[in-house]
Each structure stands twice: as structure tokens, then as C-alpha cells.
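This report refers to the structure that appears directly beneath it.
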Amino acid sequence: MTDIILVVVEQREGKLNRVSWETITAGQAIAAQTGWTLEAAVVGSGVGTIAGEVAAKKVAKVYDIESAKLEPYTPDAFSHALKEFLTKHPAKVVLMPHTYQVRDFVPKLATSLHTTAVSDVIGCKYDGGKLLFTRQMFQGKFVADVSFAGAGPCFVTFQNGSFRADKVEAGASAAPVETVNVDVPDGVVRNKPQEVFKEAKQAVDLTQAEIIVSVGRGIKEQKNIELAKQLADALGGEIAASRPICDNGWLPMDRQIGSSGQTVAPKLYLALGISGAIQHIVGMKGAKSIVAINKDSEAPIFEIADYAVVGNLFDIVPPLIEEVKKAKG
Amino acid sequence: MKILVCMKQVPQKDAPLKLNEAGTWIREDVSYEVNEPDAFALEEALRQKEKHTGEVVVLTAGPARAQQVLREALAKGADRAIHLEDAAFVGLDAYNTARAIAAAIKDEKFDLIFTGLQSDDYGYAQTGVILAQIQGWPHATIIMQIEKNEGGIRVKRELEAGFFQFVDMPLPAVLTIQSGINKLRYATLIGIKQAKTKPLRKVTMTEVQAAVGGNLQKIEKLYVPQKSKNTEFLEGPPAEVAKKLVEKLKNEVRVL
Ligand SMILES: Cc1cc2nc3c(=O)[nH]c(=O)nc-3n(C[C@H](O)[C@H](O)[C@H](O)COP(=O)(O)OP(=O)(O)OC[C@H]3O[C@@H](n4cnc5c(N)ncnc54)[C@H](O)[C@@H]3O)c2cc1C
């Protein structure tokens, strides 16, 4: 039996989530290293078009796993359908993007198969016949190489941006698509999801901002936000924040940058007292230039910063405002 | 409503972490605190109890030092605590942690189990969901609101990029709670005093051993990540650093 790498792409309401291409790239990389066979699957109701889209890439086969009960998404139905599929089509590793949807059902699915899921992975190594997955730990301060044991399949979920969607290889010809109808009996699905919605109209569109001054918990108190605003004003930029600042109500939610907030790519992103947790970084790492001011020399934000200042922001920001004003005349 | 809150002790956010000699874990001589989303989970449980009456039980798995988390929770208003006490609990993978917790609460009848959505140390984001599967209960993750309704509860799930979704679900259920769902309370002096007399049940590793298997995941090596960028560190006294930075903004970043 050949060893199978299965990539389960993500669809929401019938549309492919583009982050799935990154996972296919990861699958192609692992296939090249191990010589295992790469297959893909899409799970849903009437998602054949997506299967066709994926079949254009370099994969051996695509499964279209179908049931009317798979729309809308519920962890019960997805877990049930994939368990049934994987019992008939065993795989060695099953790869998915680390999205909110995936983290909602994969631990359940893995447990139902008495196996494990290595979550939020940023890379992989094939070392002496052993597959190792690299993942962040301690909020990005360390990374770990993780091995897995057991009969498998081992589930692996990849952090956004760990592999490049534009590196996905096209196939020489379209891969065969097989439709697999799964039975999700009544009673399996217990949750009743309602419509997806956005909380409030956004008052600001930070995606258009050229300069963003962003504050994190290092700002300490609400009244200190004013200092960051002065810097933003001097630079002619917008103020933004990490999540805890918005959770506290110190700045409105629509100024939050990160996976649960906005994704921005300004010319300059100046991070004040932000540690650089991955959920923040995914929202701003596309910035042309990143300046980080943080008192902790080991803060993960420095790993992606172009210019770094290790120090107390309250010492550095006031003279910085003055210098910016001077430079602007 | 009878609610269990699973809480974890993790290294303090600002604690400087060092690797152990084997390079497989951190040196444990650091300061610890409660995992942030777990504190919000506790707060939510206390609020639900205030609304609907019932009981709030807190649980942690970890060495003796982790009792601090339970004491703080009791001081804030939890009714009793369960401590799976053994240093070995720190090394369990998410599957085994959930199995140990399930074994420790097998004689209890909870309506809800809350966990934080993930821990700041391992960051698995799995233990709560696995616990639901082991119990045969439904679950929902990354929860920002909980309302009781006729059939059970209506929860608000956070999705990516500012999207949300309400989900109706029956009880009993497991929910993983997101930071920011509520505003945390402080313990009162009376609360701290009362906490000392509240029941705390200890569970040894031996008692739950039969439920736990070998880890299916193993950390082969823990290390400091390699920098992917060429970062330029600007040094000197604040005034000088400010000058240097403005030079860069002018000449290299070209935003001034
Ligand atoms: C599902 C999920 C979604 C999330 N979504 C988001 C999101 O969209 N956006 C987001 O930002 N986060 C998000 N988070 C939270 C994220 O994991 C972090 O907790 C958060 O980004 C941390 O914010 P912070 O850097 O401001 O705070 P901390 O991590 O507490 O960092 C504060 C930093 O300030 C520094 N500091 C302190 N004092 C000073 C000083 N005087 N001078 C200079 N530096 C100082 C410290 O060294 C530290 O590095 C999410 C988490 C989860 C689990």
C-alpha cells in the first residue's frame, strides 16, 4: 500500500478558502520529500466545482465528499463525514489550514479515530525516515519539532502564511475527481448554526492607510493611548491596536489588527509595546516596513521587524514625536 | 447550572524563559499565572451562576504550584476545586490531558464545561474539544457570548476577520472561551478569606492512570526560532535613537 498524504481544502458557503492553496503547497513539498502520494478532498454539499478547481493542481486524485447535511458547517457533520471517509481511505497524514473552522472540528475528528492532531504548524522536516512538524510554542518565543506516534492518520494544521499559495504546482493534466456520498444520519448534528454576520459597520478602513502606529498592552493605561495618537498625527498616519487594547475598549474594535481584526499592508507599521503573537502578525506582516519598539529584546515582534528599538516606549516616543515634527518642518 | 471551568497555570507573560539542558522544555523556575482565556472562562461561569443559580467548580491539572490558580478562582467566587496534582500532567498531550480530566470528573454531572480557547504554553487549542468528544457532548469554540434558551443555550462564535455566528445547542456541552468575552472581576478580601475553607479535591496520577495512554505527540526539540529577516537594531539613548529612526523613515522607508 502506498502512503497517502491527504489535503482537505476548506470551503465556506461553496467557495474555496484561498488559504487552502498554501496547504496544497505544503502537501506537494512533503510528497516530494517522502515519495508519498498526494491526494486532496473537499467536504460539503454541491462543492464539485471546487473539487474541479483543485484537480488542476499537481495532485494524484481529488475526492468530493458530499452530503446535504454538510451545509451549513457543523463540527458534528464534518467530523462524521471525514471519519467515515478516512476509515475507507486510510491516509498517513491529513493536512488542513489552521482556520477557525478546522480548529473547531479537527480535535474531535482525530479523537474519534483515536489519533492526534499537530496544530498550528509552520514547517516540516523529513529526517531519517521520520516526519517532524515545526510549531510555535510559548506564544512564539520558542518553536518545537514534533513527532507523532500511533496508527494514524496524523492530522496536521498549518498556520496561515507558512507555505506560499503562489508556489502551488499545477498538474500536467487534470487529476481524476471521485464523488463520495457519505451518510450523516439524523441525530448526528446537534448544533444549529445561524447566519454569519459582521458586528458593526466599520468606521475606518485601515487597509488604505499608508502609515499605521499600533499600540499593544505595553501602553499600560488608557490615558497613554494619547501619546501614540500624537505620534500617529505627527506622522500623518492612523492609530491601530492589538486585540487586548480593543477588548478593554481603549480603542474601537475596527482598529484591531490581526486574525480576528483587520489585515493591513501599509508602507510603515510602527508597533509600540506589541509582543508579536501570531494572531497579530498575520494581520500586519505584509507591511513594507515594520518598526518595533519593545522593552523585551526577545519579543517575537523583532523576528519580523525591519527596524528594532529595544527600550521603554515611554522614553522613546516623546523624542520621536519631536524628531518627526522637525523632519516635517 | 452546574459549570466546570478547566484552568491552566502557564509562565507569566513577561517571564524570561530559558531552555532546559535537554532542549525539550523550558526551565521551570519561572513565575506563573493563570492562562489568560481561562480567567475569562471562570468569569463567564461566575456570571452564568449569578444569573441562573447553580455551582461553579474549577479544575486544574499540574504540579503543586498550580493550586494557586484554584485558590484565586475560589477567592473570586468558585464553589469548589479539583486538582489533578502531579508534575507529570504538564507533559501530557492534549488527548491525554482531556482523558485524565474526563476520568477525574466521571462521577459529576455538569451542564457545561468551559475551557480557555488555547493555552499560552503549548497552544494546542484542542483540550476542550477533545473533552467534548470523550464525553459524547456537543461543543462550540471561540465563544464570545452565552445565553440560556428553551432548548439549551445560544452561543456567539467568533470567526475570522470580524465575523461572528450564533449557534443554538443542547446541554450538556463544552465551550472554549475567548479572551475579552467579559470584564474580569477582582477577588475581594472576604472572598480570599472564604477561599481557604472551600473544598479542594486532589486527584493523583494513579487514580486516572488507567484512562491515560502514551502520548501520541512528542516534542523532539525545543529551540529559539531562527530570524527570517535582517533586522536593524537602533541603539543609544532615547533622543539619539529617535534621531536615527527618523533618518530611516526619511531615507529608507521614505514616508517623511
Ligand atoms: C483565536 C485568536 C484570535 C486572536 N486575534 C487577535 C487579533 O486579531 N489581533 C491581536 O492583536 N491579537 C489577537 N489575539 C491575541 C494574541 O494571541 C495576543 O494575546 C495579543 O496579540 C497580545 O497583545 P499585545 O502584544 O498587545 O500584548 P502582550 O503579549 O501582553 O505584549 C505586550 C508587550 O509590550 C511590551 N512592553 C511592556 N511594557 C513596555 C514598555 N514600557 N515599553 C515597550 N514595550 C513594553 C512587552 O515586552 C510585551 O512584549 C488572538 C488570539 C486568539 C487565540
Side-chain angles (χ1 to χ4, degrees), chain A residues 75-76 99-100 103-104 107-108 111-112 115-120 132 136-139 141-150 190-194 196-199 210-211 235 243 247 259-261 267-268 289 291 302-311 315-316 319-320 323-324 327-328, chain B residues 11 16-17 26 93-95 120-126 129-130 132-134 138-142 158-170 179-180 214 216-225 227-229 231-234 238-239 241-243 245-246 248-250 253 255-256:
Chain A
D76 285 337
T99 60
Y100 278 39
R103 46 184 283 172
D104 191 56
K108 175 182 170 71
T111 302
S112 75
T115 174
T116 195
V118 185
S119 49
D120 217 359
L132 295 177
Q136 289 183 320
M137 301 240 320
F138 298 98
Q139 296 270 71
K141 289 181 190 133
F142 295 112
V143 289
D145 289 342
V146 175
S147 62
F148 58 93
R190 296 163 291 184
N191 293 2
K192 285 195 195 68
Q194 313 293 316
V196 168
F197 66 96
K198 209 155 197 166
E199 191 89 293
E210 294 242 302
I211 297 175
L235 285 163
R243 178 169 180 136
D247 278 348
S259 58
S260 49
K267 262 174 123 169
L268 171 65
S289 242
V291 177
F302 288 135
E303 278 155 40
I304 59 151
D306 298 282
Y307 305 98
V309 179
V310 179
D315 294 338
I316 293 151
L320 185 57
E323 289 298 328
V324 170
K328 287 208 156 182
Chain B
L17 302 181
I26 55 159
D93 62 16
Y95 186 20
D120 283 351
D121 51 3
Y122 284 99
Y124 284 136
Q126 296 193 45
V129 178
I130 295 173
Q133 174 65 17
I134 292 172
H139 75 265
T141 53
I142 321 194
E158 175 184 308
L159 304 175
E160 280 115 334
F163 285 92
F164 295 91
Q165 180 180 43
F166 285 105
V167 176
D168 292 327
M169 58 198 296
S179 295
L216 295 177
Q217 280 184 46
K218 182 171 169 225
I219 296 173
E220 300 282 347
K221 192 176 150 210
L222 188 69
Y223 52 98
V224 177
K227 284 178 68 82
S228 52
K229 247 190 185 173
T231 307
E232 193 171 337
F233 282 84
L234 308 177
V241 168
K243 270 205 180 73
L245 186 51
V246 166
K248 301 285 176 195
L249 296 182
K250 215 154 113 187
V253 186
V255 288
L256 286 180

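Chain A is the first sequence line, chain B the second, and so forth, proteins listed ahead of strands; every chain is numbered from 1.
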Let me confirm one number: the CZ-OH distance from Phe233(B) to Tyr307(A), rounded to the nearest 0.5 Å. 13.5 Å
Where on Ala161(B) is there a heavy atom nearer than 4.5 Å to chain A: the side chain, the backbone, both, or neither? both
Taking atom OG1 of Thr231(B) and atom CG of Asp306(A), what is their separation to the nearest 0.5 Å? 7.0 Å
At a heavy-atom separation under 4.5 Å, does Lys250(B) approach chain A through its side chain, its backbone, both, or neither? side chain
Side-chain contact, heavy-atom cut-off 4.5 Å: Phe142(A) with Val224(B)? yes
Indicate yes or no: at least one non-hydrogen side-chain atom of Tyr122(B) is less than 4.5 angstrom from one of Met137(A). yes
Do the side chains of Leu132(A) and Glu220(B) get nearer than 4.5 Å, heavy atoms only? yes
Would you say that Asp145(A) contacts Tyr223(B) through its side chain, given a criterion of any heavy-atom pair below 4.5 Å between the two side chains? yes
Between Val246(B) and Ala327(A) the two heavy atoms that sit nearest each other are CG1-CB, 3.7 Å
Shortest non-hydrogen contact from Pro319(A) to Ala239(B)? CB-CA, 4.2 Å
How long is the span from the NZ atom in Lys141(A) to the CD1 atom in Ile26(B), to the nearest 0.5 Å? 9.5 Å
With a 4.5 angstrom heavy-atom cut-off, which part of Lys198(A) approaches chain B: side chain, backbone, both or neither? both
Chain B contact via Glu210(A) - side chain, backbone, both or neither, heavy atoms under 4.5 Å: neither
Tell me which of these, Asp76(A), Asp120(A), Ile211(A), has more heavy-atom pairs under 4.5 Å with chain B than the rest. Ile211(A)
Write down the atom of Met169(B), the atom of Asn191(A), and the distance for their closest heavy-atom approach. CB-OD1, 3.4 Å
In terms of heavy-atom proximity below 4.5 Å to chain A, should Tyr95(B) be classed as side chain, backbone, both, or neither? side chain
Where the side chain of Arg243(A) meets the backbone of Ser179(B), is there a donor-acceptor pair that is under 3.5 Å apart? yes
If I take atom NZ from residue Lys229(B) and atom CD from residue Glu303(A), how far apart are they, to the nearest 0.5 angstrom? 11.5 Å
Any side-chain heavy atom of Leu245(B) sitting closer than 4.5 Å to one from Glu323(A)? no
Below 4.5 Å, heavy atoms only, C-beta onward: do Leu256(B) and Val324(A) meet side chain to side chain? yes
Considering all heavy atoms of both residues, which atom of Leu222(B) and which atom of Ala144(A) are nearest to each other, and what is their separation? CD1-CB, 3.8 Å
Spacing of OG1 belonging to Thr99(A) relative to CG belonging to Leu159(B), to within rounding of 0.5 Å: 10.0 Å
For the candidates Asp315(A), Asp104(A), Thr111(A), which exhibits the highest count of non-hydrogen atom pairs separated by less than 4.5 Å from chain B? Asp104(A)
Leu249(B) CG to Leu320(A) CG distance, which is reported to the nearest 0.5 Å: 7.0 Å
Where Gly123(B) and Ser119(A) come nearest, the two heavy atoms and their spacing: O-OG, 4.1 Å
Do you know which of Val196(A), Ile304(A), Thr115(A), Leu235(A) has the most heavy-atom pairs with chain B at a distance under 4.5 angstrom? Val196(A)
Under 4.5 Å from a heavy atom of chain A, the part of Ile142(B) involved: side chain
Could you tell me which non-hydrogen atom of Ala117(A) sits nearest to which non-hydrogen atom of Gln217(B), and how far apart they are? O-NE2, 2.6 Å
Considering only heavy atoms, which portion of Pro11(B) lies under 4.5 Å from any heavy atom of chain A: side chain, backbone, both, or neither? side chain
Looking at Lys267(A), Lys192(A), Gln136(A), which one has more heavy-atom pairs under 4.5 Å with chain B than the rest? Lys192(A)
Is the backbone of Tyr100(A) close enough, under 3.5 Å, to the side chain of Glu160(B) for a donor and an acceptor to pair up by distance? yes
Contacting moiety of Val255(B), where chain A heavy atoms sit under 4.5 Å: both
Among the listed options Ile219(B), Asp93(B), Asp121(B), the residue most often paired with chain A at heavy-atom distances under 4.5 Å: Asp121(B)
Tell me, do Pro107(A) and Gln133(B) make a side-chain contact under 4.5 Å, heavy atoms counted? no
Could you tell me which portion of Ser289(A) (side chain, backbone, both or neither) has an atom closer than 4.5 angstrom to a non-hydrogen atom of chain B? side chain
